[in-house]
Amino acid sequence: MANILWIDDEIDLLTPHCLFLAQKGHNVFKATDGPSAIEMLQNNEIPSLDIVFLDEQMPGLSGLDVLLKIKQIRPAVPVVMVTKSEEEDIMNQAIGAQIADYLIKPLQPSQLLLAVKKFTESKQLVFQTVQSQYQTQFQDISFQISQCNSFSEWAEIYKRLIFWEIQLAEGTSFSADMSQILLSQKQDATAGFVKFIRKNYESWIAKPSIAPLMSHRILPDRILPHLDAGEKIVFIVIDNFRLDQWETIRPLLTQEYDIQTELYCSILPTATMYARNSLFSGLLPSQISEMYPAYWPEENSSESSQNQYERELLSTFFQRYRKNYVHAYYKANDATSGQHIVDIFNRYRHNDLVALVYNFVDQLSHARSEVKAIKELSADEAAYRSITKSWFQHDPLSQMLSLLSKTKDLTIMITTDHGSIRVHNPQKILAGADVNTNLRYKTGRNLNCNTKQVLTTSDSKLYGLPKTRLIGSYAFAEGEDFFVYNNNTSHYIDLYSDTFQHGGVSMEEMIIPLVTLKPKNE
């Protein structure tokens, strides 16, 4: 049932329409002119107003004048302009004044009912439809999970689950039961994906020809062919950027770009030090540490120093492939440095390759663990996506992409080093004093954990990882687990449960997007 305010100087002639709406269960409040309608709103005579029908041509205050005053009093209420005129100028003024829609007289009852449903019931109707559609596909997705035996198939499942998660989260009354069903199906998929990684990861490292596209192959297999074809590339890496966050941002770019999205596999550990150094070098971490030891950081070095040689690693890639492409590298740790990149755009626009790194999403993930207010603002997956979208809309990166869309003969590629997962389950591990601090993977000489619930390797070379005198084994948390120690366990459970972490094995961390944008002006 909707509360409708209808403002028209010939309201008596519209009585049949008002009766029709009343028969459909709606309350219709009438006003014969703008001043009386404004007075009704100011006096709060209609405390819960859902929609306004407003005549465009009235004596005294015109419909457009009344519209502006209504927006000052009830800015969120949708106003549908009713007019006899189809003049473009009037329509432009009405749209500029933020009408929700307009109807042309003579009116039909079906028009009115559709307008009411559109602005009072559409979200609920859409949600009910989406919920029904997901229920019909539930069995098909479950069967697909049980039959998966390749990375591409797991990537397709993850895409489907993300699609439904986003669709259902947009509903106005996402039921607790439906939420639990989707969560349970994601957990089943995660468990199956973990088994798949356990079974195949070593083989991928030993025999690259059977491996899916992975972090260290992005430069040689995806970037270099574009450069060799004479294209200029802007390569954007958004740290800790998940597929669902990209899907939230993607609609903002469709007007200016043709978009293709490919999913590939992050290496283990799904942590910046490993995955991003591998991304920029075109090498596995074990190869970086052997070939360029000066560029490989200590495991427990500060976070800022773990990726301080990305520019140098990028240069080594072109040297190894004997390519003389002119390239540049910039990193944005905040809006100021991001704006600086925009300001100096003309300096590097003619380079063959420009690599840009943006750290906001990773900083958001860490802040959520450490700052209570940020954790409350990003309470769940939907809120986490929303904050990421808000960042993108207001960050200089959005301005940069708008500028690039007007540049000819240019390809923009956006990716990440890894994703993150919201953790809930503590997993105990015993380790020596040399162990690293990451909550999703551990490395050290004396690791002791439940190997049925933790992916481990005592031979780092099997996973393409460095081995030093301080590093003997690696352990990777699976699914929604995170590592805790026997001492002060409760404190760390309270501190880190329900936070977003990365470094381990999950679809969210390992199945990540590689996006290709082509400006439509071409």
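FYI, the numbering just counts along the sequence from 1.
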Exercise for review: Could you please spell out the steps behind the side-chain hydrogen bond (donor to acceptor under 3.5 Å, both in side chains) verdict for Ser337 and Asp334?
Suggested key: CA-CA 6 Å; Ser337 53; Asp334 50 36; 2.9 Å; yes

Exercise for review: Verify ring pair (Phe, Tyr, Trp, His ring centres under 6.0 Å) between Tyr309 and Tyr292, making sure each step is shown before the conclusion.
Suggested key: CA-CA 10 Å; Tyr309 297 115; Tyr292 309 104; over 10 Å; no

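Sorted by first and then second residue, the pairs that involve residues 386-414 and meet ring pair (Phe, Tyr, Trp, His ring centres under 6.0 Å), not counting sequence neighbours, are Phe360-Trp391.
Among residues two or more places apart in sequence or in another chain, the side-chain contact (heavy atoms from CB on, under 4.5 Å) test is passed with Ala189 by Ile145, Trp154, Ile157, Leu161, Met507. By the ring pair (Phe, Tyr, Trp, His ring centres under 6.0 Å) test, Phe317 is found to be paired with Tyr321, residues two or more places apart in sequence or in another chain being considered. For the side-chain contact (heavy atoms from CB on, under 4.5 Å) test, no residue two or more places apart in sequence or in another chain qualifies with Ala191. Residues satisfying the side-chain hydrogen bond (donor to acceptor under 3.5 Å, both in side chains) test with Trp246, not counting sequence neighbours, are Thr261. Qualifying ring pair (Phe, Tyr, Trp, His ring centres under 6.0 Å) partners for Phe235, counting only residues two or more places apart in sequence or in other chains: none.
The closest donor-acceptor contact from the side chain of Lys520 to the backbone of Thr254 lies under 3.5 Å. At least one donor-acceptor pair under 3.5 Å links the side chain of Lys406 to the backbone N or O of Ser402. Proximity of a side-chain donor or acceptor of Ser286 to a complementary backbone N or O of Gly464 within less than 3.5 Å is detected.
Salt-bridge check for Glu231 with Lys518: passed, with a basic side-chain N closer than 4.0 Å to an acidic carboxylate O.
No option in Asp417, Val515, Thr415, Ile249 other than Ile249 meets the side-chain contact (heavy atoms from CB on, under 4.5 Å) test with Phe241. Tyr274 pairs in a ring pair (Phe, Tyr, Trp, His ring centres under 6.0 Å) with only one of the listed residues (Tyr463, Trp296, Phe476), which is Trp296.
Between the side chains of His216 and Ser281, no donor N or O sits under 3.5 Å from an acceptor N or O.
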